[in-house]
Amino acid sequence: MKAKGSFEKYLNRSGWWFVAPAMALFSVFMAYPILSSLYLVTRRWRGLRDSFIGLGNFVRMLHDGLFWHALGENFLLMIFQVPIMIALAMVFAVILHHGIRRFRGAFRLILFLPAITSLVAYSILFRILLQTNGLANNIMQNLGILQQPIAWLNDPFWASVTIVVALTWRWTGYNMIFFLVGLQNIDPEIYEAAEVDGASKVFQFFKITLPLLTPVILFSMVTSVSGTLQLFDEPNVLTNQGGPANATMTAALYIYRQAFVINSDWGYATSLSYVIVLLAAVLAAIQIRVLGGRNK
Amino acid sequence: MKKSLMAFLTLALFVGTAVLASANSKMVTVWCWDPNFNGYAMNQAALVYNKSHPDVKIDVVVFPNSDAVMQKVQAALQAGGAGLPDIALVQDFQIEQLVTNYPGVLADLKAAGVDYSQFAANKVGPMTEGNKIYGIPFDTGSTGLFLRADYLKAAGLNPAHYQKDLTWNDVITLGEKVKAKIKKPLIAFDTTDWTFLRMMVQSAGGQWFKADGSLDLSSPAIRPAIATVKKMYDAGVLYPTEGWGNWVSAFNNGDAAGLMSAVWIIGTIKSQPTNAGKWMVVPTPRLSGVSGARNASNWGGSSWYVFSQAPNKAGAIDFLKSTWASTDPDALEFYNTILKGAGAMGTFLPSRVGSNYTAKDKFFYKDQAVYHDFAKWMADVPNLRYTANYNAWGSAISASLSKLYKGELKTPDDVLTDATTMYKQSISQ
């Protein structure tokens with residue numbers, strides 16, 4: 001008994017040595033910034049001039065219409081974009097898995113390619129395509145679909161639509177890959193059994209595929225929702241710093257502007273970040289509760 | 001074989017390190033952001049300086065953009081000065097933010113003996129704090145109205161008739177004529193940027209802020225300027241575009257018959273060689289009915305700053321003084337070189353005599369000596385107070401202006417009220 005105990009201790013000790021480098025990096029680059037951000041939150045910070053203001057940043061936040069507007073835009077984009085993208089990703093995954101035999105690899109590549117495109121590069125491309133005298137409007141006008149060009153980037157409504165379209169283009173393939181992996185992990189015998197019992201394809205999809213994919217869907221939704229909450233590059237580049245007239249300003253972009261563009265106010269920017277983190281955590285908890293409840 | 005190679009490399013490493021170490025005291029590090037513009041200019045200055053100081057190495061580090069330099073500088077300042085360069089290039093509209101938020105970090109070059117009366121007044125203003133003046137002015141953003149002479153002719157007008165000091169009302173009349181005749185809007189206009197309005201207000205000596213940095217919208221130029229922009233927009237004189245790339249293609253492709261911009265746009269305009277001989281530049285139009293309105297304004301420009309904690313502060317100051325702020329023939333010739341080589345027009349007034357300043361430019365209509373004209377207008381530009389809140393105000397009023405174009409806001413006062421509300425929220429005053 002005693003020998004085993006000391007061996008365990010030995011294992012334990014070497015285990016700690018193994019994780020020590022990771023722990024050291026974690027403390028310096030994660031734990032320390034998080035702890036020191038608690039200090040930043042209490043300060044009005046402009047460059048080298050800062051002063052203690054207690055909860056002043058949060059009071060200020062309550063009166064900051066632009067921040068709440070930005071947060072509203074985040075939720076609006078999330079409500080429309082995440083379901084569209086998840087549904088599309090699911091459709092593509094099922095078609096790729098069950099539907100087609102030939103060129104499967106090529107299609108998979110085409111769908112996944114956007115996900116490895118640089119965020120800034122694709123935002124600039126979409127910007128060029130969608131400007132008022134850009135390719136998209138020109139083609140649709142020449143085909144007679146449109147009489148007047150659509151102000152994709154210059155109208156508050158269409159600018160939000162543009163971001164939804166861009167995000168869907170960028171991330172559908174990424175989520176599709178998770179669904180494909182999930183589909184490949186479902187035992188084909190289950191489908192064979194259902195087939196024998198005379199279940200239709202649609203019935204199979206809703207009664208077998210969807211329930212068995214729930215953990216994957218949950219993962220996709222949680223990451224997509226928190227990704228949308230942190231949305232930054234698209235409104236910054238594609239719609240030109242949250243334009244038109246701050247219509248597509250998102251919380252993360254606003255935080256960046258407070259810290260680096262408008263004020264160099266690190267204290268206020270950090271306080272705003274806390275709100276985002278909190279919201280992301282609450283939303284993730286809700287989704288896990290709703291979708292993951294069955295497994296527990 | 002392999003071993004001897006290793007030994008050689010190790011030796012090379014040691015020697016290299018030793019050379020670097022000995023050179024450190026004779027090294028001046030500069031941060032800037034455009035290899036073909038300010039980076040090029042600084043390297044040219046280094047060549048001039050090295051003639052008399054061959055032992056000093058000027059290390060010019062080029063960043064992707066001005067934000068990257070600012071962020072790195074701010075990080076170094078937050079870290080108590082660790083990793084700062086000796087000299088950094090800062091945009092004129094950002095320098096007051098740096099001076100206000102980071103007191104005492106810049107070296108006072110007036111105390112070091114720089115004669116600022118030799119530089120364009122609107123460049124010295126932003127870098128002045130009380131009795132101290134930081135920085136050496138770099139390039140001017142002297143503005144002008146670029147017009148397509150061939151379009152004016154096509155509209156049955158005589159281009160020469162417009163090569164004089166115009167008012168904005170003249171421009172609106174001209175724009176309506178051109179629009180009626182050849183169906184082209186006169187001026188390519190970026191709807192996402194408030195610079196156009198800002199240039200108008202600056203040309204009349206208007207200010208947005210008091211000296212203490214608080215917003216003050218009582219300048220008599222502001223309301224007429226907003227009304228003028230709206231009038232031009234509604235009259236179809238402006239060709240609305242969204243952002244930089246869209247704007248550039250609008251005037252380079254000939255969708256619009258002109259644009260308001262600064263001397264540094266010349267390179268962009270020349271990038272469309274098919275337009276050779278078609279462009280002309282006239283002085284910035286002035287606001288009618290506003291006293292003190294001039295035919296000169298400014299857009300952009302940046303300046304060099306030395307940090308008070310710089311590793312080689314004395315070396316950096318000596319380098320800047322004997323190149324950028326010197327009437328030595330070599331230094332003046334250097335200004336002439338960077339004008340030709342990069343289209344960078346300095347703001348050191350004695351430098352404006354160089355051959356490239358007076359040369360006729362074949363690219364322009366009737367070989368207009370454009371650099372000569374921009375240099376002449378430069379000395380006339382009224383000073384604009386940027387303060388630490390310039391960015392916050394700019395993004396607020398840009399948003400309100402786009403509501404004005406759409407008709408959601410009607411009057412100049414509506415715009416100012418709307419922008420003020422947003423501004424106050426974003427800076428919490």
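A, B, ... follow the sequence lines: proteins, then strands. Residue 1 opens every chain. For the numbers below, each heavy atom of this structure counts, side chains included, while hydrogens, waters and symmetry mates do not.
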Run the numbers on B/Ser426 and A/Gln258 for side-chain contact (heavy atoms from CB on, under 4.5 Å), then give the verdict. CA-CA 8 Å; B/Ser426 71; A/Gln258 279 290 345; 4.1 Å; yes

Residue pair B/Asn391, A/Arg257: steps toward the side-chain contact (heavy atoms from CB on, under 4.5 Å) verdict: CA-CA 10 Å; B/Asn391 277 334; A/Arg257 290 181 65 78; over 6 Å; no

Could you go step by step and tell me if A/Arg49 and B/Thr100 meet the side-chain contact (heavy atoms from CB on, under 4.5 Å) rule? CA-CA 9 Å; A/Arg49 302 179 311 150; B/Thr100 311; 4.0 Å; yes

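Heavy-atom proximity under 4.5 angstrom to chain B picks out A/His63, A/Asp64, A/Gly65, A/Leu66 from residues 61-77 of chain A.
More than 12 heavy atoms of other shown residues, nucleotides or ligands fall within 6.0 angstrom of atom CZ in B/Phe307. Within 6.0 Å of CG in A/Leu55 there are 12 or fewer heavy atoms belonging to other residues, nucleotides or ligands. Counting non-hydrogen atoms of neighbouring residues, nucleotides and ligands closer than 6.0 angstrom, the OH atom of A/Tyr274 exceeds 12 such neighbours. Counting heavy atoms of neighbouring residues, nucleotides and ligands inside a 6.0 Å radius, atom CE of A/Met23 does not exceed 12 of them.
Screening residues 228-249 of chain A for ring pair (Phe, Tyr, Trp, His ring centres under 6.0 Å), with sequence neighbours left out, gives A/Phe232-A/Tyr256.
Of all heavy-atom pairs spanning B/Ser402 and A/Ala245, the tightest one is OG-CB, 3.2 Å. Across every non-hydrogen atom of A/Asn246 and B/Met422, the tightest pair is ND2-SD, 3.1 Å.
For the side-chain hydrogen bond (donor to acceptor under 3.5 Å, both in side chains) test, no residue two or more places apart in sequence or in another chain qualifies with A/Gln141. For the ring pair (Phe, Tyr, Trp, His ring centres under 6.0 Å) test, residues two or more places apart in sequence or in another chain that qualify with B/Trp247 are B/Trp244, B/Phe251, B/Trp299.
Ranking B/Gly104, B/Ala392, B/Pro240, B/Ala250 against chain A, the residue ahead of the rest is B/Ala392, based on heavy-atom pairs under 4.5 Å. When the candidates B/Gln71, B/Gln74, B/Lys403 are compared by the number of heavy-atom contacts under 4.5 Å with chain A, B/Gln71 comes out ahead. For the options B/Ser398, B/Pro103, B/Ser249, B/Gly394, heavy-atom pairs under 4.5 Å to chain A are most numerous at B/Pro103. When each of A/Asn154, A/Thr239, A/Leu153 is checked for heavy-atom pairs under 4.5 Å with chain B, A/Asn154 comes out on top.
Using a 4.5 Å cut-off between heavy atoms, A/Tyr254 contacts chain B through its side chain alone, with no backbone atom that close.
A/Leu48 has its side chain out of reach of B/Asn101: every pair of non-hydrogen atoms, C-beta onward, lies at least 4.5 Å apart.
In this model, a donor atom of one side chain and an acceptor atom of the other lie less than 3.5 Å apart for B/Asn246 and A/Asn133.
Side chain of A/Arg127 to backbone of B/Glu242: a donor-acceptor contact under 3.5 angstrom is found. The backbone N or O of A/Asp155 sits nowhere less than 3.5 Å from a side-chain atom of B/Lys406 that would complete a donor-acceptor pair.
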